[in-house]
Amino acid sequence: MLATAPPRPAPPATPQRRRAIGEVLLAVENISLRFGGVRALTDVSFDIRKGEIRAIIGPNGAGKSSMLNVINGFYHPQEGRIVWKGRVLPRMRPHEAAAGGIARTFQNIALFKGMSTLDNIMTGRILKMRASFIEQALWIGRGRSEELRERAFVERLLDFLEITHIRHTPVGKLPYGLQKRVELARALAMEPELLLLDEPMAGMNLEEKEDMCRFILDVNEEFGTTVALIEHDMSVVMDISDRVVVLDYGKLLADGTPDQVRNDPAVIAAYLGVAHG
Amino acid sequence: MIYRETGQFRTSYAEDQAIFRLRQDKIGIAVILAIAWVGIPLLADEYLLRAILIPFLILSVGAIGLNLLLGYCGQISLGTGAFMAIGAYAAYNLALRVPALPLLLDFFLAGLIAAAVGVLFGLPSLRIKGLYLAVATLAAQFFADWAFLRVPWFTNYTPSGSVTAPALDFFGWVVDTPLEKYWLCLAFACLTAILAKNLVRSRIGRSWMAIRDMDIAAEIIGIRPMTAKLSAFAVSSFVAGGAGVLWAFVHLGSWEPLAFSIDMSFRLLFMVIIGGMGSILGSFLGAAFITVLPIFLNQAPALVGIQLSTAMVSHLEFMIFGALIVLFLIWEPHGLARLWQIGKEKMRLWPFPY
């Protein structure tokens, strides 16, 4: 996978791109997470800078998804801390992470199956809505105006992700690739500062992968959203990410630009095994 | 051919978000409302109003209440009868002990009391799901049955335990004929349907559905599971409480705790399942199915000229009714509302195959 990929030029580190990447947005410091005797993460530290695309890679069971779960509050690590925008985050629930500006998609699609595409994405706007119960029940005041305002916002997202034609379709009926896109749209609807993508391209064909790459890059450039993604497709990771974290058996193996990581002996060993004799 | 959206363009999001989007739907609902408000009062006799239409409307309200909880928020409840009972007895006691209050305010406060108790019995939903929650809400049912049978204060120390509702006096409008009662119930049913529909197409409804479909993902996008679940219990119990008030004050007049037994909870549950979970229309269809079908089955043998003994008829009624429910759930587990949906899809294309 890694070694067989043809040599490709490093991502164009244009001056604009360098300037777009700012200060540290989120730092995980010395995180250790255990489930009983199983050590999912051991003393992992890395940071995510504002505006960058950060990839987290590693073999199966390396602790990548656990890391995302720690960041958005599903798991609480036994040791270590998370610094979000310069502040140490207290132990929090996922909905508090959402309110703080962290959105995420799941490895297995986690859409609301009984609802239409539109309604799914509208749920992403829930934190932006303030209408009181009475206003909602009577469809007056903010109850109505917010629905229309957010609908207009969601329509722009539908347009951006090229899924306007399925707005009224129940998501359960959509093909896999489109479901993944709807899930991305729902996360984007939150206007997050940090977007966590757990294997956004798993199970896609080449064309769908290319589409998804384009969307991730567009999101990053147009909205300035910081992206942290887990992905197994190395060509994707090397192409679109600014920096890569490599985890193996819950430990940090390497951290650096795609080129540095690609040539790191420890990474090559973990992925391909070490030659004996 | 007739049911077509061809040529009807929606040019604003407001139009696209309307409850009835198609001109045909708008005409349809106007016709139904006209029949309900004017046509039926002109044609229906007292029996039809008293025995079929009034219970149908009240149970529709109850079914909407349960549907908000079960169909939209995905929390199974077997305690709807209990919340109806709480509404009914709360309104009775308020009318009895605080006579100064206008009756409409009594009804509203009774709904609030039912909502408060609903939230209390909804607390287990924060920890348990599915059938286990159903068993926990069953506790509400047994608690209400016990309380209204054994605590004489609730029934004003009447020796038989049976209580009688005061006259229905709404700011001078005394509702006593079946027709007036019908209009009153119809007004409440229309109001409940509109408010419930508005709620489910707003933020709160979406947060309920998100919890129903995938609670983990709901939490990720910022929905507080506790708020969503307890608000569903509160609103559902409020509506159920209102239905209980109507059932007791308007339909029964005088009643005993047995009127709101577990049978009532099951009837409402069947209405929601058969009508269609997650559909306001389904609540009405389910209520119609459950209230009208037994009466129809009861009359059917006589109508086609078959002479059967009364006992035979009532046994047959139960058997056919049960079989129909089972068959129906196999054929169309999503209920009558889904059948209607499929029918509409077919009508759009008819007479062409696609």
Side-chain angles (χ1 to χ4, degrees), chain A residues 72-74 93-100 102-106 109-115 118-140 142-152 154-155 167-168 171-172 183 186-187 189-190 192 196, chain B residues 5 10 12-19 21 68 71-74 115 126 191-228 231-232 234-235 238-239 276-279 334 338 341 345:
Chain A
N72 78 345
F74 265 118
R93 300 282 310 152
H95 65 80
E96 291 164 329
I102 301 176
R104 114 164 242 198
T105 66
F106 285 84
I109 296 170
L111 286 170
F112 308 126
K113 295 265 183 294
M115 297 157 75
L118 196 58
D119 277 333
N120 264 279
I121 305 173
M122 285 289 272
T123 53
R125 301 297 291 169
I126 277 179
L127 286 174
K128 311 283 176 196
M129 297 165 96
R130 292 279 171 275
S132 67
F133 180 79
I134 302 291
E135 284 171 314
Q136 294 180 63
L138 299 177
W139 199 252
I140 52 165
R142 283 179 299 178
R144 183 168 182 280
S145 65
E146 278 185 348
E147 283 291 321
L148 298 180
R149 189 187 74 205
E150 301 307 339
R151 170 75 189 269
V154 167
E155 286 288 341
R167 60 164 76 81
H168 288 303
V171 291
E183 205 188 0
R186 188 182 65 191
M190 294 163 63
L196 308 173
Chain B
E5 57 215 68
R10 300 189 286 277
S12 71
Y13 295 136
E15 281 173 47
D16 196 45
Q17 275 167 307
I19 298 177
R21 262 179 279 181
L68 290 176
Y72 286 95
C73 198
L126 304 180
L191 193 68
T192 312
I194 293 169
L195 295 184
K197 184 71 197 172
N198 280 340
L199 282 180
V200 299
R201 63 186 180 137
S202 295
R203 178 189 64 192
I204 190 166
R206 267 190 224 104
S207 67
W208 292 342
M209 288 188 273
I211 289 286
R212 171 194 70 188
D213 284 348
M214 189 159 285
D215 48 0
I216 293 173
E219 210 178 337
I220 281 289
I221 55 173
I223 295 167
R224 290 162 173 273
M226 187 175 87
T227 320
S231 65
V235 175
F238 180 87
V239 176
M277 287 198 270
S279 162
H334 295 288
R338 177 61 65 88
Q341 196 86 40
E345 287 294 313

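Lettering of chains follows the sequences in order, A, B, ..., and the numbering in each one begins at 1.
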Chain A heavy atoms under 4.5 Å from B:Ala218: which part of the residue, side chain, backbone, both or neither?
-> both
State whether the side chain of A:Glu183 and the backbone N or O of A:Leu111 hold a donor-acceptor pair below 3.5 Å, judged by distance alone.
-> no
Name the member of A:Gly114, A:Ala99, A:Ala97, A:Gly100 that forms the most heavy-atom pairs with chain B at distances under 4.5 Å.
-> A:Gly114
Under a 4.5 Å heavy-atom cut-off, does chain B meet the side chain of A:Phe74, its backbone, both or neither?
-> side chain
CZ of B:Arg21: more than 12 outside heavy atoms within 6.0 angstrom?
-> yes
Does any heavy atom of chain A fall under 4.5 Å from the side chain of B:Ile216, the backbone, both, or neither of them?
-> both
Looking only at atom types and distance, does a side-chain atom of B:Tyr72 sit under 3.5 Å from a main-chain N or O of B:Gly278, one as donor and one as acceptor?
-> yes
Honestly, the part of A:Asp119 sitting under 4.5 Å from a heavy atom of chain B is both
Out of B:Ile223, B:Val200, B:Ile194, B:Asp16, which one racks up the most heavy-atom pairs below 4.5 Å with chain A?
-> B:Asp16
Who wins among B:Met214, B:Arg203, B:Lys197, B:Gln17 for the most heavy-atom pairs under 4.5 Å with chain A?
-> B:Arg203
Indicate yes or no for a side-chain donor-acceptor contact from A:Glu150 to the backbone of A:Met129 under 3.5 Å, with no hydrogens or angles considered.
-> no
Donor-acceptor pair, side chain of B:Ser231 and main chain of B:Ala228, under 3.5 angstrom = yes
Among the options A:Gly73, A:Ala152, A:Pro192, A:Gly124, pick out the one with the most heavy-atom pairs lying under 4.5 Å from chain B.
-> A:Ala152
Any idea which of A:Glu96, A:Met115, A:Met190 has the most non-hydrogen atom pairs under 4.5 angstrom with chain B?
-> A:Met115
Most heavy-atom pairs under 4.5 angstrom with chain B, which of A:Gly143, A:Ala131, A:Ala189, A:Ala187?
-> A:Ala131
Is any side-chain heavy atom of B:Ile211 less than 4.5 Å from a side-chain heavy atom of B:Pro225?
-> yes
Please check if the side chain of B:Ser12 supplies one atom and the backbone of B:Glu15 the other of a donor-acceptor pair under 3.5 Å.
-> yes
Examine whether an atom of B:Arg212 lies under 4.5 Å from a heavy atom of chain A, and if so say whether it belongs to the side chain, the backbone or both; otherwise answer neither.
-> side chain
Tell me, for A:Leu127 versus chain B, whether the close heavy atoms (under 4.5 Å) come from the side chain, the backbone, both or neither.
-> side chain
Report, as yes or no, whether the 6.0 Å neighbourhood of atom CZ on B:Arg224 holds more than 12 heavy atoms from other residues, nucleotides or ligands.
-> no
B:Arg206 CZ to A:Ile121 CD1 distance, which is reported to the nearest 0.5 Å | 11.0 Å
Among A:Arg125, A:Glu147, A:Arg93, A:Met122, the residue with the most heavy-atom pairs under 4.5 Å to chain B is A:Glu147
Relative to chain A, which segment of B:Val235 carries a heavy atom at a distance below 4.5 Å: side chain, backbone, both, or neither?
-> side chain
